[in-house]
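Numbering of ligands and ligand atoms starts at 1, following listing order. Scope of the values below: all heavy atoms of this structure, side chains included, with no hydrogens, waters or symmetry mates.
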Amino acid sequence: MRVLVVEDTRALAEQLQAALITAGFAVDLAPDGEEGRFLGETEPYDAVVLDLGLPKLDGLSVLRAWRGGGRAMPVLILTARDGWAEKVDGLNAGADDYLAKPFAMAELIARVNALIRRAHGHATPEILAGRLRIDTARKQVALDGAPVRLTAMEYNLLACLAQHLGQPVSKTALTESLYAQDFDRDSNTLEVIVGRLRRKLGEGLIETIRGQGYRLAGAP
Ligand code: CA
């Protein structure tokens, strides 16, 4: 899962980045509205955290540009405390949720997770795929009821496949979901992670679809 953070206050941006990485996300940072708009228009994100008060281009204009251009990723806006008018404007411009500064990082992470879950049509944090149960809130996986220990990368890849249960996900989409923009991407790494997941979960769960990528079997 890959998240864009558009925030000009450097200390807060770095705090957000650290908290999101700890929660298992790949994170790109944009320090102003112009770069944020550009990244949101050109890169695939599972969610965006967007500050409204930004240099070069304000957050509301960034959001309107994205929505006007058909970009539908979930967006959580950061507003000033007591800025109810900002919240209303933000929601009207296409924001999916908001948090007023200052906020607790744990609440931000929980809201980002909920936005991503709902964007994929899952009302609850639990995804069932055959013998597999994935708790996306706690990031825990069980096979036939027994917990399976996964690394962060393994979990993220599995969660990305689970969000598209029964459909193939391309290697490009998986790689883009797993790594931040400035990360040195290597598609072999993807195959290594899939290999480790197959050893832990059994060979049949993750199918290779020739020319299309991977698919998590077990759709009801
Ligand atoms: Ca700001």
Undergrad: So that I can tick it off, tell me whether Arg67 and Asp96 are bridged by a salt bridge, with the cut-off set at under 4.0 angstrom between side-chain N and carboxylate O.
TA: yes

Undergrad: Starting from the Ca ion (ligand 1), look over the N/O/S atoms of Asp51 and name the nearest one.
TA: OD2

Undergrad: Could you go through the side-chain contact (heavy atoms from CB on, under 4.5 Å) check for Leu52 and Leu78 one step at a time?
TA: CA-CA 6 Å; Leu52 289 188; Leu78 303 178; over 6 Å; no

Undergrad: Looking at Asp8, pick out the N, O or S atom nearest to the Ca ion (ligand 1) and give its name.
TA: OD1

Undergrad: Within less than 3.0 Å of the Ca ion (ligand 1), any N, O or S from Gly53?
TA: yes

Undergrad: Side chains of Leu150 and Leu197, heavy atoms from C-beta outward: is any pair under 4.5 Å?
TA: yes

Undergrad: Walk me through whether Arg111 and Asp97 qualify under salt bridge (Lys or Arg N to Asp or Glu O under 4.0 Å).
TA: CA-CA 8 Å; Arg111 284 177 182 274; Asp97 199 359; 2.8 Å; yes

